[in-house]
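See structure below.
Letters go in sequence order (proteins before strands), and every chain restarts at 1. All values derive from a computational prediction rather than experimental measurement.
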Amino acid sequence: MTKKKIVLLDGNSLAYRAFFALPLLTNDNGIHTNAVYGFTMMLQNILVDEKPTHILVAWDAGKTTFRHKTYGEYKGGRQKTPSELSEQFPYLRKLLDAYNIPQYELDNYEADDIIGTLSKISDAAGSEVVIISGDKDLTQLASNNTTVFITRKGITDMEKYTPEHIMEKYGIEPLRIIDMKGLMGDASDNIPGVPGVGEKTALKLLIEYGSVENVYKSIDNITAKKLKENLTVNEAQAFMSKELATIEVNAPITVSVDDLAYTGPDMDKVTSIYQELKFRTLLEKIAPQAEEVLQDIDVTVIAELKESQLSEEMAIHIEMMDENYLTADILGISIANELSNFYIPFAIAKESTVLRKWLQDSSNKKYTSDSKAAFASLARYGIETDGFEFDLLLATYIVNPSTTYTDVASITREFGNADVRQDEAVYGKGAKKALPDQSIVAEHATRKAQAIWELRPIIEQKLQENDQYNLYHELELPLAKILGQMESTGVKTDRETLQVIGTELTAKLAKLEADIYDIAGEKFNINSPKQLGVLLFEKIGLTPIKKTKTGYSTAADVLEKLESEHEIISHILNYRQLGKLNSTYIEGLLKEIHEDGKIHTRFQQALTTTGRLSSINPNLQNIPVRLEEGRKIRAAFVPSEPGWYLFAADYSQIELRVLAHMSHDEKLIEAFRDGADIHTRTAMDVFGVTEDAVTSDMRRAAKAVNFGIVYGISDYGLSQNLDITRKDAQKFIDTYLANFPGVKQYMADIVAEAKRNGYVTTLLNRRRYLPEITSSNFNLRSFAERTAMNTPIQGSAADVIKKAMLDMAKRLKDEGMQTRMLLQVHDELIFEAPEEEIEKLKEIVPEVMESAIMLDVPLKVDWAFGLSWYETK
DNA sequence: CTATTCACG
DNA sequence: ACGTACGTGAATAGA
């Protein structure tokens, strides 16, 4: 007979873990599912990784256990289980039944004791046992045959406690974990322990004396006066705490190991529960073929397009295999309305004058999935387009910016149309990605066009209901075209400039690398945080300041605090900084220069939750500027025509101005109307001094407070930023809010509004839903509250600059200027312009940008121009 | 494929 | 007591 492998799960503990590790997902029926989902994911992983022959989920039974007789306050003061979690337990039990996994609970005992008893029996029989829990107490059960897995952050990450691992981590045997708890107690179970003794002291005592009993036998050897006194006074409590922490391994259980034999899941039952809970990804894992239930359609592939086949209102989709529409080949174009549908292979489409004429005529209304992609991809073949009146991607983004859309199918499915296949299912992914037969592509593309046609009225209706049609139709939709033009235009980038900087960087990096190895006395990979951590904190022996979930943090703020401790630190910081410049900005950007000598970024218009744009392939919104070495990279971005200049204009303090407007805070409004330096003005208020008395440190602190206000302030965040205590940070915040009562009121109001409506809005009625604002989980709720404060500010600033971009494009056109808009960097617009238009730009750019949306405070725009982006400062 | 780090507003 | 600043994208290491 093969050796048994027995897996014992601590049901309550894992359900709690899953619940708190995941956001509060709700399915379409309004049932919270995060704990069930997380638990299922864990279970899946365990079944795959551990392949148990026997398995059991143990549950805590009722409220009182034998431990309450010992100590009435056991587990006292615990918050009661949130209702969002307790409603999930019935589903969990049902799911485990479907998996044919035995479940067991025992009156008067906790899940721990069931697990302890079973593990002892199995262990004695020589079986391999794996215990899984979120509760470290269980580690006392580790033995040569028994490993205890404790969940770390998240749900899939587990720390494996063997006796060796416990020895390494704590320096004690597994059973001594009980003594450790006896001494230090356990706040979560309300086990008192000995006051003043924490983990460190407990371990020190145990390593020296071995057990609680022996500590008291040798009590006279303990020299620390206060510690000795605490131990002496609390002797009874220490022994009681030890008893409470001891898992019962002889509980009167009525199951035997043989009852735990695992026979595998009942897939029909599992599937139906997954369906009930809408676990899409899990469903696909178990039944990938189930998704392909598509309605049959007729597909016509056209060899020659006739005018009669096109009408004034049609859905159109440009099909490409790759997501980067600025480089991908167009495979074909599908067109549909309620009367007909057809697919035109691109080889034919691009030669069709009938199609070209129809595409560029704005009176033909075109409904598409991504108008920017359509515009920019066709532009590469010299095909002009106009009259995109519906954009599925933008429309759904405006309805809810929090959902991520990967392809057309992911959108249509959300709105109840299941007749579009996923791109991945059609083209494959990774190494298996390949172009299928034309008939398959034709059908795929046709389905998309049909779905767009069908969904348009539904989604437009939704936009009307939410009073967002204007935002969508008058702002985002026309902006898509402007962005498409910007992407197509691209930014001329000088290869040589990058290469020269690259050569310098490479030389400096080689020198730094040699110096670092020299000081360290060995070679290692400086780019590996893991290897660097070992060197700094183990070999050299510096004190770790922060930990990450995988080890020591070596982030810049940590290293900066250690700079005076060891000469290697500054070299490493320097190496990191230059390495970043070289890999991301020199090598990275060089790879992105197209044959036309330009970089063509893509602006993601339907991605951020706040309404901002983002920039990818490459990201041109994070080109270095703060430090001079990095800023030099900007010298590589130049005008594309001789005799032209780059012209850059940015909003000054737009987010704080938006805050002044939205909060109606009189003092903040007054400060901006006065044209004051806002950080200095804030410093005067927060520190209660006159303008002359504001020092640079005071201004710096005030600036950090202003940032904090915009982000949804917390004392901890501000204290980290300024490297001060939380108390002092809280004082700053209190003083600030006392001085700006309008802001204080606004922050309270916006959180209340989010709770009432479930969402917050921006100036132009952009929405962000914040379901977690009512969560019983402190972290989730706090995050939602900060988001409620930040999103209207960041999002309204995004509204302003987007409107400014439309106005600028129109103005340039009306004035018949050659100037081209190239980039947007959140509060900044970059143009290229012939010299003779610069004077005009100095006038119209600030004028247009400052009047994009009128606020209760003036908007202020600064500008500069030069022969490269570096010079526009 | 995830975690860490760091560039920007 | 909890444990975090808001919003992004890209490179690298190491399972």
Side-chain angles (χ1 to χ4, degrees), chain A residues 20 77-79 153-154 156-157 187-188 401 430 524-533 546-559 572-573 576-589 591-592 601-604 607-627 629-631 633-634 650-651 653-655 704-705 707-722 726 729 733 768 776-795 797-798 801 823-828:
Chain A
F20 285 110
R78 266 206 181 177
Q79 286 232 331
K153 227 178 185 160
T156 47
D157 194 14
S188 70
F524 66 103
N525 188 341
I526 308 170
N527 286 320
S528 161
K530 195 176 170 187
Q531 293 181 33
L532 182 62
K546 226 173 30 180
K547 275 201 285 189
T548 67
K549 64 175 98 168
T550 55
Y552 312 109
S553 170
T554 66
D557 61 326
V558 170
L559 296 188
I572 288 165
L573 284 167
R576 281 250 181 92
Q577 194 200 329
L578 301 185
K580 176 90 178 177
L581 293 179
N582 199 38
S583 59
T584 305
Y585 296 104
I586 300 297
E587 290 169 7
L589 288 176
K591 274 186 258 176
E592 300 283 354
T601 185
R602 275 148 60 223
F603 291 104
Q604 302 250 65
L607 183 138
T608 73
T609 45
T610 55
R612 275 190 176 182
L613 301 176
S614 91
S615 156
I616 56 167
N617 297 137
N619 182 353
L620 291 186
Q621 289 181 322
N622 71 345
I623 303 302
V625 66
R626 292 172 190 169
L627 300 172
E629 289 112 305
R631 189 175 205 151
I633 307 267
R634 296 187 167 218
D650 68 293
Y651 283 109
Q653 306 297 351
I654 187 165
E655 292 191 338
V705 173
F707 270 104
I709 292 293
V710 169
Y711 292 156
I713 200 146
S714 76
D715 55 356
Y716 182 85
L718 183 63
S719 74
Q720 288 294 299
N721 192 291
L722 283 176
R726 266 168 70 161
I733 295 167
R768 178 170 180 184
S776 54
N777 180 317
F778 176 88
N779 283 330
L780 295 178
R781 191 178 62 249
S782 303
F783 184 51
E785 287 169 358
R786 292 198 296 273
T787 312
M789 299 184 234
N790 172 263
T791 295
I793 301 173
Q794 193 183 113
I801 193 163
L823 295 173
Q824 186 251 47
V825 192
H826 310 307
D827 64 355
E828 180 183 12

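Atoms CZ and CZ, on R786(A) and R781(A) in that order, are 11.5 Å from each other to the nearest 0.5 Å. Rounding to the nearest 0.5 Å gives a distance of 4.0 Å between CD1 of I733(A) and CD1 of I713(A). Atom CG of L559(A) sits about 10.0 Å away from atom NZ of K546(A), to the nearest 0.5 Å. Once rounded to the nearest 0.5 Å, the distance linking OG1 of T554(A) with CD of Q531(A) reads 11.5 Å.
For dT4(C), the base has a donor-acceptor partner in the side chain of R786(A) [N/O atoms by modelled type, under 3.5 angstrom]. Side chain R768(A) to base dG7(C): no donor-acceptor pair is found below 3.5 Å.
The side chain of T610(A) places no N or O atom within less than 4.0 Å of a non-bridging phosphate oxygen (OP1 or OP2) of dC6(C). Phosphate proximity of dA13(C) to N525(A): present, with a side-chain N or O under 4.0 Å from OP1 or OP2. Between K530(A) and dA15(C), a side-chain N or O to OP1/OP2 separation shorter than 4.0 Å is present. In this model, the phosphate group of dT4(C) is not approached by any side-chain N or O of S782(A) to a distance below 4.0 Å at OP1 or OP2.
Side-chain contact between M789(A) and Y711(A) is absent, with no heavy atoms from C-beta onward closer than 4.5 Å. Taking the side chain as every heavy atom from C-beta outward, I801(A) and H826(A) never approach each other to under 4.5 Å. Two residues are said to be in side-chain contact when any heavy atoms from C-beta on lie closer than 4.5 Å; P624(A) and L581(A) meet this criterion. L823(A) has its side chain out of reach of E828(A): every pair of non-hydrogen atoms, C-beta onward, lies at least 4.5 Å apart. Taking 4.5 Å as the limit, every side-chain heavy atom of R576(A) sits out of range of all side-chain heavy atoms of I526(A).
Within 4.0 Å (heavy atoms only), L613(A) reaches no atom of the nucleic acid at all. Counting any heavy atom pair closer than 4.0 Å across all strands shown, R576(A) reaches sugar-phosphate atoms only and no base atom. Within the 4.0 angstrom heavy-atom criterion, only backbone atoms of the sugar-phosphate kind lie near S615(A); the bases stay farther away. Residue contacts shown for A556(A) are limited to sugar-phosphate atoms, with no base heavy atom under 4.0 Å away. Nucleic acid contact class of N617(A) (heavy atoms, under 4.0 Å, all strands): sugar-phosphate only. Contact annotation for A788(A): no contact, since no heavy-atom pair falls under 4.0 Å across all strands. Residue contacts for E655(A): at a heavy-atom cut-off of 4.0 Å it reaches no nucleic acid atom on any strand shown.
Between E785(A) atom CD and dG3(C) atom P there is a gap of 16 Å when expressed in whole angstrom units. The nearest whole Å value for the distance from the CZ atom in F783(A) to the C1' atom in dC6(C) is 8 Å. In this entry the distance linking CD1 of I526(A) with P of dG14(C) reads 13 Å, nearest Å. Going from atom CD1 of I586(A) over to atom C1' of dA11(C) covers 14 Å, rounded to whole Å. The interatomic distance linking I793(A) (CD1) with dC6(C) (P) rounds to 13 Å, in whole Å. Separating the CG atom of N779(A) from the P atom of dA1(C) is a distance of 15 Å, rounded to the nearest angstrom. Across the protein-nucleic acid pair, H826(A) atom NE2 and dG9(C) atom C1' stand 10 Å apart, rounded to whole Å. What separates CZ of R602(A) from P of dG9(C) is a distance of 11 Å, to the nearest Å.
In summary, the side chains of Q621(A) and S615(A) do not present any donor paired with an acceptor at a separation below 3.5 Å, with no hydrogens or angles considered.
Separation of the P atoms belonging to dT4(C) and dA3(B) is 14 Å when rounded to the nearest angstrom. Separation of the P atoms belonging to dC2(C) and dC6(B) is 27 Å when rounded to the nearest angstrom.
Checking Q794(A) against D715(A), the closest nucleotide of DNA chain C that is more toward the 5' end is the one next to D715(A).
Distances were taken from every side-chain heavy atom of N721(A) (C-beta onward) to each of dA5(C), dG9(C), dG7(C); the shortest belongs to dA5(C). In this structure, of dT4(C), dG7(C), dT12(C), it is dT12(C) that holds the atom nearest to the side chain of S583(A). In this structure, the nucleotide among dG7(C), dT4(C), dA10(C) sitting nearest to the side chain of T787(A) is dG7(C).
Residue pairs meeting the salt bridge (charged side-chain N to carboxylate O under 4.0 Å, His left out) criterion with at least one partner in residues 607-626 of chain A, sequence neighbours excluded, are R612(A)-E655(A).
A 4.0 Å heavy-atom criterion places the boundary nucleotides of DNA chain B facing chain A at dA3(B) to dG9(B), written 5' to 3'.
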For DNA chain C, produce a single dot-bracket line, 5' to 3'. Pairs: Watson-Crick or G-U wobble, both distances under 3.5 Å. Symbols: ( ) within strand, [ ] crossing, | other strand, . unpaired. .....|||||||||.
